[in-house]
> 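Below is the structure I would like to discuss, written out as structure tokens.
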Amino acid sequence: MLAKRIIPCLDIKDGQTVKGINFLGLQNVGDPVELGRRYADEGADELVYLDISATLEGRKTFAQLVEKIAAGINIPFTVGGGIGSVEDAGLLLKAGADKVTVNSAAVRNPQLVSDIASRYGSQFIVVAIDAKTIDGRWVVTTHGGKRPTDKELFSWAREAEERGAGEILFTSMDHDGTKNGYPCDTFARLSEMLSIPIVASGGAGSVADIAEVLTVGRADAALAASIFHYGEIAIPDLKRQLAEQNINVRI
Amino acid sequence: MIAIIDYDTGNLCSVVNALGRLGAEYTVTSDPAVIRAAERVLLPGVGEARTAMARLRERGLAEVIPSLTQPVLGICIGLQLMCAHSEESDTPCMGIFANRVRKFPAGGLKVPHMGWNTIEGLSTPLFDGLTGGAYIYYVHSYAPEVNADTIATTTYGIPFSGAVARDNFFGTQFHPEKSGRTGELILQNFLKL
């Protein structure tokens, strides 16, 4: 049976992991390869590395880093942050990334999704969508939820699928960072509508939240950052507890 | 020395990296002489069956590969090309394995089949040290049917061959190079064959 996936997300700035980490015995918590390997050993099913560098120099460092990650990690990994063209995606493929995630650039230029999918295959492109409710409607946003766009969540998700996206990574900006759980009805609707996997992001504060989005919300995977980085929930404990609730996870 | 066959179907780096992590010596090549002389041969690849098969033929490799006598491992599309036929673009393949490669049936299931699934009914030394229920990583829309060459089965809506073997030829539909410790063990077993 296909397992539900647990995916830690690592933010990278100028080639180093940001956010504090409480891993015992980890020599260099800032080293994205070492941290990724540690997560892989703990049972992470995939990794996501997001480049949040603001400078050109930082971005160059990231491309070199992707090669090191590919050489050092034995599970699939996705990279994202600032991918604006087919060429950007191609360089990351060449460096060894299994998938790329596009967000704002795809909102500005939806053709980018079609172009990456037709060039490198649907399995290579994840469309990340940040949305929040405005007057009862799910509005797609950019710039970390600050800028609403004219796109609506469900129609944009469907368009992304039709253009060849292999997965949707959906973050509710109403829930992100709150640790109050996910909007499970919205995830369930997305999952029902689409025939590609849905990755749930933003809002997990507990094992129960993750269990709920994987069952009630019918998400195929859960992505989280801080609960793993700060050691609030360890991946082996999370998976054991999910398995106890009859959720199929890889242990 | 392991020959990793390069037939221009894209990214070989995950296989190259996995062998690097195991400390194996390898060369990336499309030269029939180098392939024939290698101790072991890996046929990786991503992409579409008809195009990939055409690229093997252009390089004369569609004749070379079936004649090899050392251990050969096909991965994903590499395995599919070693089967009899693929439904993808109705492509005749090398026919080393008798299996036909079929598209997952429509309806209910998400395709591509992507993520971690289990392998059952394991046989051959390729799976030494593993028992049924081990998780490995898949990304594919087509899969070889189950037949006498099947050495591991996975079920996704329907049962299909997760791996096949005949004589010195092996193939995995899953990606051992992305399957964590389990995948490393399978590759190590192949290196010991």
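Naming: A, B, ... by sequence-line order, numbering from 1 per chain. Keep in mind that this is a model prediction, so the values were computed, not measured.
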> What part of B:Val16 is in contact with chain A, defined as an atom under 4.5 angstrom from a non-hydrogen atom: side chain, backbone, both or neither?
neither
> Which heavy atom in A:Val249 sits nearest to a heavy atom in B:Tyr135, and how many Å separate them?
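That would be O-OH, 3.4 Å.
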> Name the region of A:Arg250, side chain, backbone, both or neither, that has any atom closer than 4.5 Å to a heavy atom of chain B.
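Both backbone and side chain.
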> Of all the heavy-atom pairs spanning A:Asp45 and B:Trp116, show the shortest one and how long it is.
O-NE1, 2.9 Å
> Please find the pair of heavy atoms, one from B:Cys13 and one from A:Gly96, that lie closest to each other, and give the distance.
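What the structure gives for the nearest pair is SG-CA, 3.3 Å.
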> Do B:Tyr137 and A:Asn74 have side chains that approach each other closer than 4.5 Å (heavy atoms only, starting at C-beta)?
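No, side chains not in contact.
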> At what distance, to the nearest 0.5 angstrom, does CD of A:Glu46 lie from CE of B:Met114?
6.0 Å
> Tell me the residues of residues 169-188 of chain B whose non-hydrogen atoms fall below 4.5 Å from those of chain A, in number order.
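Listed by number: B:Glu177, B:Lys178, B:Ser179, B:Gly180, B:Arg181, B:Glu184.
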> If you measure from OG1 on B:Thr118 to CE on A:Met1, what distance do you get to the nearest 0.5 Å?
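Spacing of OG1 (B:Thr118) from CE (A:Met1) equals 9.5 Å.
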> In terms of heavy-atom pairs under 4.5 Å, which option from A:Gly121, A:Gly72, A:Gly166 contacts chain B the most?
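Of the options given, most contacts go to A:Gly72.
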> Check whether more than 12 heavy atoms from other residues, nucleotides or ligands sit under 6.0 Å from atom CZ of A:Arg119, and answer yes or no.
no
> Measure across A:Asp220 and B:Lys110 and return the closest heavy-atom pair with its distance rounded to 0.1 Å.
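What the structure gives for the nearest pair is OD2-NZ, 2.8 Å.
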> Check whether A:Lys4 gets within reach of chain B through its side chain, its backbone, both or neither, counting any heavy atom under 4.5 Å.
neither
> Can you tell me which portion of A:Ala40 sits under 4.5 Å from chain B's heavy atoms? Options are side chain, backbone, both or neither.
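For A:Ala40, no heavy atom lies under 4.5 Å from chain B.
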> Flag the one option from A:Ser122, A:Ser195, A:Pro76, A:Ala95 with the top tally of heavy-atom pairs under 4.5 Å to chain B.
A:Pro76
